[in-house]
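One structure is given here, and the rest of the page talks about it.
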Protein chains: 2
Amino acid sequence: MSKELNQDTEEIQIYLKHIKQVCSELTEEELAKFSEKLTVTYLAKNDIYITSGQIQKQGGYLVKGLIRAFHTDDFANEKNIYFIPENEYTFHYASFMDKKPSPLTFQCLEPSIVVNFPMEHLHTAYLQIPKFEKYGRLIVEAKLKVQQERLESLLFQNAEQRYFDFVNQYPQLFNRINVSQLCSYLGVERQTLTRIRKKLSRVK
Amino acid sequence: MSKELNQDTEEIQIYLKHIKQVCSELTEEELAKFSEKLTVTYLAKNDIYITSGQIQKQGGYLVKGLIRAFHTDDFANEKNIYFIPENEYTFHYASFMDKKPSPLTFQCLEPSIVVNFPMEHLHTAYLQIPKFEKYGRLIVEAKLKVQQERLESLLFQNAEQRYFDFVNQYPQLFNRINVSQLCSYLGVERQTLTRIRKKLSRVK
DNA sequence: TTCGTCCTGACACATTTGTGCCAAAATCAT
DNA sequence: ATGATTTTGGCACAAATGTGTCAGGACGAA
């Protein structure tokens, strides 16, 4: 894992472009100001970005690659809770906001590039750039929406429907994740997912 | 279900007090301005506040009572997805934000009182009262935190642990909800919850 | 009180899911 | 290309969960 200071890289431009897209009211100066303390991290496949138990002092935005966030139980079994593809924030929201240790480990499934901002930098931005509050609200709203849909699907759909939906909703993501990684995300064991796949392949 | 216009009732004061508590920067004038278009709804036990399939034109804040939000499947089976106790917003965030039909029905488990605000009123507040953006962000962040914890508990805890946690985390809520209502919230059938209760009662 | 309704725990049985293991197939690095 | 590693599907068996039903008890309304 190598890290370098902001040298106005291509990666940082991608991140700023995303911010502008979500909240067009932000001016170039404001964005330039925000970009000052950003850093970039380059990660290889299987590299760990956040270790569980560790307090996240900075937030990260995934510019390129794919990361899985998993929980480890008492018997060292891993369960994938989230997959983070490019153009999403890659940290544990709940624990990040409360400055508590992350319950999950974030590991690269592909070589990845992350743009980082220190926690205090975010708070400074909220205070100094009023319009940044709006950006924050929109990001969190979007995240809440996705989480809510996933939570509800876990409660009122069965594993077969969830698999079917995942394949159709995120076909490009599905093709980058293997069955072993996918099963815990869907809330079942690998053998069950195998059975589901078998059943669905007969039908179509 | 009876509704009346804002007459600066006690209920509205409770709601405004909550807003002030979350975002103390908001002035009395700003709050007074926001309170103008609020209405109050009084609901009896079993009354429906939101019917699934219906677009929510206004948001509601539950001042008193208890509401369940449930999903109905093709065979008319109901599954409770959320319980909303007093001092929480009572609408479906994801669909409300997108002006889409609510996938859930909101029904009172107890006599309830809701303070309502029209959707446009919220957007106006965001535009006219900059500090309101912060309030919005904080509310959504808090909601996201709760949702995220619940989603994760569904993925890496078993039903027994979820039941145990629920009883300990929300003892006052637990005492107001019966087993039949609780089971789908925890993601299991009633029979399974009965087994869990039986097992736990032997242990303690 | 009395009636009716709702809630709960229980049971038997069917079905689904999990566990542990193995071998074939695919993938990766050298 | 070759060997090592990972991924996958399959099997047998165990365990957990769901389904349908029932009766006793709690609760509320008249």
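Bear in mind the structure is a predicted one, so any value in this text is a computation, not a measurement. Per chain, numbering begins at 1; letters A, B, ... match sequence-line order.
One atom, CZ of A:F156, and another, C1' of D:dG18, lie 20 Å apart when rounded to the nearest Å. The distance from atom NZ of B:K79 to atom C1' of D:dT17 is 12 Å, rounded to the nearest whole Å. If you measure from atom OH of A:Y163 to atom C1' of C:dT17, you get 18 Å, rounded to the nearest angstrom. Rounded to whole Å, atom C1' of D:dA16 lies 13 Å from atom CZ of B:R162. B:N158 places its CG atom 11 Å from the P atom of C:dT19, with the value rounded to the nearest Å. Look at CG on B:L186: it is 12 Å from P on D:dT17, rounded to the nearest Å. The interatomic distance linking A:L154 (CG) with C:dT17 (C1') rounds to 16 Å, in whole Å. Taking atom CG of residue A:L155 and atom P of nucleotide D:dG18, one finds them 12 Å apart after rounding to whole Å.
Residues that satisfy the ring pair (Phe, Tyr, Trp, His ring centres under 6.0 Å) test with B:Y170, not counting sequence neighbours, are B:F166. A search for side-chain hydrogen bond (donor to acceptor under 3.5 Å, both in side chains) contacts involving A:S184 returns nothing, not counting sequence neighbours. Scanning for side-chain hydrogen bond (donor to acceptor under 3.5 Å, both in side chains) contacts around B:Q157 gives B:D165, with sequence neighbours left out. For B:D98, the side-chain hydrogen bond (donor to acceptor under 3.5 Å, both in side chains) criterion is met by A:K145, not counting sequence neighbours. With sequence neighbours excluded, the residues that form a side-chain hydrogen bond (donor to acceptor under 3.5 Å, both in side chains) with A:E86 are A:R176.
Of the possible donor and acceptor atoms, none in the side chain of B:Q58 sits under 3.5 Å from a partner among the backbone N and O of B:F117. Judged by distance alone, with hydrogens and angles left aside, the side-chain atoms of A:N116 form no donor-acceptor pair with the main-chain N or O of A:G60 at under 3.5 Å. A donor-acceptor pair under 3.5 Å is absent between the side-chain atoms of A:S102 and the main chain of A:H92, judged by distance alone.
Using a 30° and 60° split on the angle between ring planes, B:Y89 and B:Y93 fall in the perpendicular class, above 60°.
Sorted by first and then second residue, the pairs that involve residues 59-71 of chain B and meet salt bridge (charged side-chain N to carboxylate O under 4.0 Å, His left out), not counting sequence neighbours, are B:R68-B:E78. Among residue pairs with one or both ends in residues 14-24 of chain A, those qualifying as salt bridge (charged side-chain N to carboxylate O under 4.0 Å, His left out) are A:K20-A:E28; sequence neighbours excluded. Residue pairs satisfying the salt bridge (charged side-chain N to carboxylate O under 4.0 Å, His left out) criterion with at least one member in residues 149-160 of chain A, sequence neighbours excluded, are listed as follows: A:E160-A:K199.
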Please list each protein N or O that sits under 3.5 Å from an N or O in nucleotides 5-7 of chain D, with the distance.
unit_1 : atom_1 : unit_2 : atom_2 : d
D:dT7  : OP1    : A:N178 : ND2    : 3.3

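Contacts between residues 188-196 of chain A and DNA chain D, defined by a heavy-atom separation under 4.0 Å, are made by A:R190, A:Q191, A:T194, A:R195. Within residues 165-177 of chain B, no residue has a heavy atom under 4.0 Å from DNA chain D.
Geometrically, B:R137 engages A:Y126 in a cation-pi contact defined by less than 6.0 Å to the ring centre and at most 45° from the axis.
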Counting primed atoms, P, OP1 and OP2 as sugar-phosphate and everything else as base, the B/S/- map of nucleotides 25-30 of chain C against protein heavy atoms under 4.0 Å is ------

